[in-house]
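All residue numbers refer to positions in the sequence shown, counting from 1. We use all heavy atoms of the structure for the numbers below, so side chains are in, but hydrogens, waters and symmetry mates are not.
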Amino acid sequence: MSQPEQGTGDAMLPVTSANDLALLVVVLGVLILLLRWTFGRGRSLSARPPRIGRPDEYGLLVPVAEPVSAAHARRLGRSLREAGIKHTLAATTDGPRVLVWPDDADRARTVLASVPDES
């Protein structure tokens, strides 16, 4: 019977060539960059919290209603959804607004005229 070989006690793998060393440096560099991006503060690639803007800062969307509360805005939005009109509820610097595409604005105003005001 042969006896098992005893280890040298060196737990690290030896680097055998310049290519191995270069690969090790590249892998460590990528890991450092990923960890820095993951745990870094201030410069994230993810979306920022929404900024409240003026009613005219929403691109092509046009305001069709100025609800008095968030509950009233949701009720107006439900009426537009039931009529098949795509809409957005936005908090603006002038208060909540119901926004729609320009082609749907007249139809949306007609639908919203039948919704009772919140008192």
Side-chain angles (χ1 to χ4, degrees):
M1 274 198 191
S2 67
Q3 293 181 347
E5 293 182 21
Q6 292 185 356
T8 61
D10 191 7
M12 295 184 59
L13 295 175
V15 177
T16 58
S17 71
N19 288 338
D20 290 344
L21 183 60
L23 179 63
L24 180 65
V25 169
V26 168
V27 169
L28 283 175
V30 169
L31 281 174
I32 289 170
L33 289 175
L34 283 174
L35 290 171
R36 187 172 176 156
W37 173 72
T38 302
F39 296 108
R41 297 183 186 259
R43 296 181 314 268
S44 176
L45 295 178
S46 61
R48 292 184 179 137
R51 180 183 65 84
I52 295 177
R54 295 187 320 267
D56 61 347
E57 292 183 325
Y58 288 87
L60 294 176
L61 297 174
V62 292
V64 292
E66 299 176 8
V68 294
S69 68
H72 187 224
R74 286 190 298 272
R75 198 167 72 217
L76 295 175
R78 191 175 329 119
S79 297
L80 290 174
R81 186 172 39 254
E82 289 170 357
I85 300 172
K86 292 182 181 180
H87 66 283
T88 297
L89 304 176
T92 69
T93 55
D94 296 339
R97 295 292 185 265
V98 178
L99 306 164
V100 299
W101 294 106
D103 294 342
D104 295 332
D106 292 334
R107 198 169 121 228
R109 287 186 183 100
T110 303
V111 169
L112 295 177
S114 66
V115 178
D117 286 340
E118 189 173 273
S119 301

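- Applying the salt bridge (Lys or Arg N to Asp or Glu O under 4.0 Å) rule to D106 yields the partners R109; only residues at least two apart in sequence or on another chain are considered.
- Smallest separation of non-hydrogen atoms from A65 and L112: CB-CD1, 3.7 Å.
- The list of salt bridge (charged side-chain N to carboxylate O under 4.0 Å, His left out) pairs with a residue in residues 77-86, not counting sequence neighbours, is empty.
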Under 3.5 Å, sequence neighbours excluded: what are the donor-acceptor pairs made by side chains of residues 98-105?
none

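- By the side-chain contact (heavy atoms from CB on, under 4.5 Å) test, T93 pairs with I52, R54, P55, sequence neighbours left out.
- By the salt bridge (Lys or Arg N to Asp or Glu O under 4.0 Å) test, R51 pairs with E57, sequence neighbours left out.
- Apart from L31 itself, the hydrophobic cluster it occupies contains L23, V27, where clustering links Ile, Leu, Val, Met, Phe, Trp and Tyr at side-chain heavy-atom distances under 4.5 Å.
- H87 contributes atom NE2, which lies 9.0 Å from atom CG of L76 (distance to the nearest 0.5 angstrom).
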